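Reading through the structure tokens given below for one structure.
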Amino acid sequence: MKALVIGSGGREHALAWKLGQSPKVSKVYVAPGNAGTALDAENVPISEKDFPALIDFCKKNDVELVVVGPEAPLSAGAVDAFAKAGIRAFGPNQKAARIEGSKVFCKEVLNKAFVPTAAAKAFDSAQDAYRYVDEGDEGGFVVKADGLAAGKGVVVASSKAEAKEAIKQIAEDRAFGDAGARFLVEERLTGQEASVLAITDGHTIVTLQPAQDHKAAYDGDKGPNTGGMGAYCPASLVDDEKLHWIEEKVLLPTVVTLNRLDAQFKGVLYAGLMMTPQGPRVLEYNARFGDPECQPLLFRLKTDLVDVIEATIDERLSEIEPLVWDERPAVCVVMASQGYPGSYEKGFPISGLEEAAKLPDVKVFHAGTKLVNQFVCTNGGRVLDVVALGDTVADAKRKAYEAVEKISWQGSWYRTDVADKEIKAVQN
Ligand code: AMP
Ligand code: GLY
């Protein structure tokens with residue numbers, strides 16, 4: 001069959017690469033894709049938001065399976081639109097995607113399902129929220145815009161003044177537009193974070209191996225939050241016992257509660273967790289694969305992803321064999337443009353991609369790249385995701401950085417400590 005991946009980041013490159021390995025898939029298209037997906041698949045110049053044009057393309061080219069990567073088209077109803085046109089699409093429908101698209105809805109689901117999470121209160125008035133903060137503890141707040149804000153609508157405040165400034169920006173200045181019409185003020189938790197993703201058809205969950213993202217821009221988890229500067233998988237922070245607990249106390253009750261709310265979830269349910277001294281707490285849900293977590297996850301997955309995707313769409317996940325993983329850990333290092341996560345320039349030619357591609361057990365997934373006159377040039381903040389498998393996590397890290405060091409462009413940079421926490425943890 002022919003498949004279409006929607007999106008243009010590193011996650012979509014990894015999805016296209018993995019789908020292309022399935023014996024069931026004869027051709028993979030990516031819309032709109034990037035310079036990397038152009039190598040492993042065929043790009044189609046249609047925006048991820050243009051559902052009529054995407055549907056038209058699928059019909060004209062006999063595309064039988066669509067995989068929607070990013071949250072924006074899912075929240076805008078991509079899967080509903082494809083279903084209506086008779087095209088099988090993987091991902092939650094618009095109603096279920098609200099678990100990511102509305103943080104207020106997500107919190108309601110968590111509370112209804114008795115899933116451990118930070119205490120929170122929803123507001124639509126800045127004045128009420130200022131009063132709430134004044135009555136609380138100094139330094140104990142996180143302010144979150146309700147709607148999608150490209151990962152930027154969350155402020156972890158270290159003082160009441162900072163919390164109030166965040167409320168002002170979100171609710172009064174509307175820094176994230178209508179996404180800030182409602183917002184949450186929640187209890188600030190501390191601990192290490194982990195990403196636990198499960199594929200579910202609304203009845204059965206198939207949990208993927210735990211991963212860890214590196215959200216802060218700079219080494220030592222310093223600097224501003226980003227979309228993620230690196231990831232590794234598996235993450236020993238979530239051992240088998242904890243993973244089982246998360247399935248029982250977090251993922252299953254969430255899936256059941258969504259069913260009760262007439263929002264059956266089919267797709268990837270991604271729990272962003274904080275491992276607090278009191279146990280795991282859900283910080284947020286995403287309705288899709290994490291980026292960059294998807295890249296090391298799919299690099300290790302041996303099972304044919306198409307089988308899992310089709311079983312999800314057909315609601316027969318309970319019938320599939322357990323997933324098979326490469327035993328070796330994977331480390332992913334993100335290479336970024338100078339200035340990211342703030343403003344940055346695009347269009348710099350990238351050198352060293354071919355040398356890096358020759359290294360064994362390494363794959364360079366493209367995130368923000370574009371072909372300009374046959375040269376691969378930068379076209380985003382996060383530009384490349386360099387993934388490597390190793391016998392140990394330290395070995396995977398070494399191989400990933402060996403590849404990273406072969407690649408450069410004007411202003412390229414990356415964190416140098418990806419997976420260090422895991423290396424330390426497995427040494428102890
Ligand atoms: P979210 O988009 O809700 O995952 O938030 C983005 C990031 O903000 C998370 O990865 C955490 O680092 C941080 N964060 C979110 N909620 C909390 C919380 N209640 N306490 C502490 N940090 C948080
Ligand atoms: N890696 C974080 C995310 O995909 O939201």
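No experiment lies behind these values; they were computed from the predicted model shown.
Nearest heavy atoms, C377 versus I350: C-CD1, 4.0 Å. Of all heavy-atom pairs between P210 and L243, the closest is CD-CD2, 4.1 Å. Between A367 and N34, the closest heavy-atom pair is O-ND2, 3.3 Å. A pairwise comparison of heavy atoms in S337 and Y344 identifies CB-CB, 3.9 Å as the closest pair. In terms of heavy atoms, S102 sits closest to D146 at OG-OD1, 2.7 Å. Heavy-atom minimum distance, N379 versus T369: CB-C, 3.7 Å.
Every residue two or more places apart in sequence or in another chain that forms a side-chain contact (heavy atoms from CB on, under 4.5 Å) with A72 is listed here: E48.
Between the NZ atom of K107 and the CD1 atom of I99 there is a distance of 11.0 Å, given to the nearest 0.5 Å. The line from CZ of R288 to CG of L15 is 11.5 Å long, rounded to the nearest 0.5 Å. For the atom pair CG (D239) and NE2 (H244), the distance works out to 12.0 Å, reported to the nearest 0.5 Å. Atom CG of residue L301 and atom CD of residue Q21 lie 10.0 Å apart, to the nearest 0.5 angstrom. The OG atom of S195 sits 8.5 Å away from atom CG of N286, with the distance rounded to the nearest 0.5 Å. Within the model, atoms OH of Y285 and CD of E100 stand 12.5 Å from one another, a figure rounded to the nearest 0.5 Å.
Residue Q410 qualifies as open at atom CD: its count of foreign heavy atoms under 6.0 Å is 12 or below. At most 12 non-hydrogen atoms from other residues, nucleotides or ligands lie less than 6.0 angstrom from NZ of K249.
Residues Y132 and F123 place their aromatic rings such that the two centres sit under 6.0 Å apart.
A side-chain donor-acceptor contact under 3.5 Å links Q212 and Y232. For the residue pair Q295 and D385, a side-chain donor N or O sits within less than 3.5 Å of a side-chain acceptor on the partner. Checking Y401 against T416 by side-chain atom types alone, no donor-acceptor pair falls below 3.5 Å. Under the 3.5 Å distance criterion, with hydrogens and angles disregarded, no donor-acceptor pair is assigned to the side chains of T312 and D201. No side-chain N or O of E71 forms a donor-acceptor pair with one of S75 less than 3.5 Å apart.
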### Message
Is there a ring-ring contact (aromatic ring centres under 6.0 Å, His included) between W413 and Y218? Walk through the geometry before answering.
### Response
CA-CA 10 Å; W413 67 278; Y218 311 130; 5.6 Å; yes
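The backbone N or O of G136 sits less than 3.5 Å from a side-chain atom of K160, completing a donor-acceptor pair. Formation of a donor-acceptor pair under 3.5 Å by the T37 side chain with backbone atoms of A41 is not found in this model. The main-chain N or O of K346 is never found under 3.5 Å from a side-chain atom of T378 such that the two would form a donor-acceptor pair. R182 places no side-chain N or O within 3.5 Å of a backbone atom of A122 that could act as its donor or acceptor partner. The main-chain N or O of V324 is found under 3.5 Å from a side-chain atom of T303 such that the two form a donor-acceptor pair. Between the side chain of D395 and the backbone N or O of D391, at least one donor-acceptor pair lies under 3.5 Å. A donor-acceptor contact shorter than 3.5 Å is absent between the side chain of N373 and the backbone of F375. Checked by atom type and distance alone, the side chain of E12 pairs as donor or acceptor with a backbone atom of G9 at under 3.5 Å.
Residues P292 and D213 have side chains in contact (heavy-atom distance under 4.5 Å, counting atoms from C-beta outward).
The pair D304-K18 does not count as a salt bridge, with every side-chain nitrogen at least 4.0 angstrom from each carboxylate oxygen. Between E327 and R300 there is no salt bridge, since none of the side-chain N atoms of the basic residue sits less than 4.0 Å from a carboxylate O of the acidic one.
At least one test fails for R11 against the ring of F289: distance under 6.0 Å to the centre or angle within 45° of the axis.
Note: W17 and F299 have tilted aromatic rings, judged against thresholds of 30 and 60 degrees for the angle between ring planes. Using cut-offs of 30° and 60° on the angle between ring planes, the pair H13 and H366 is perpendicular.
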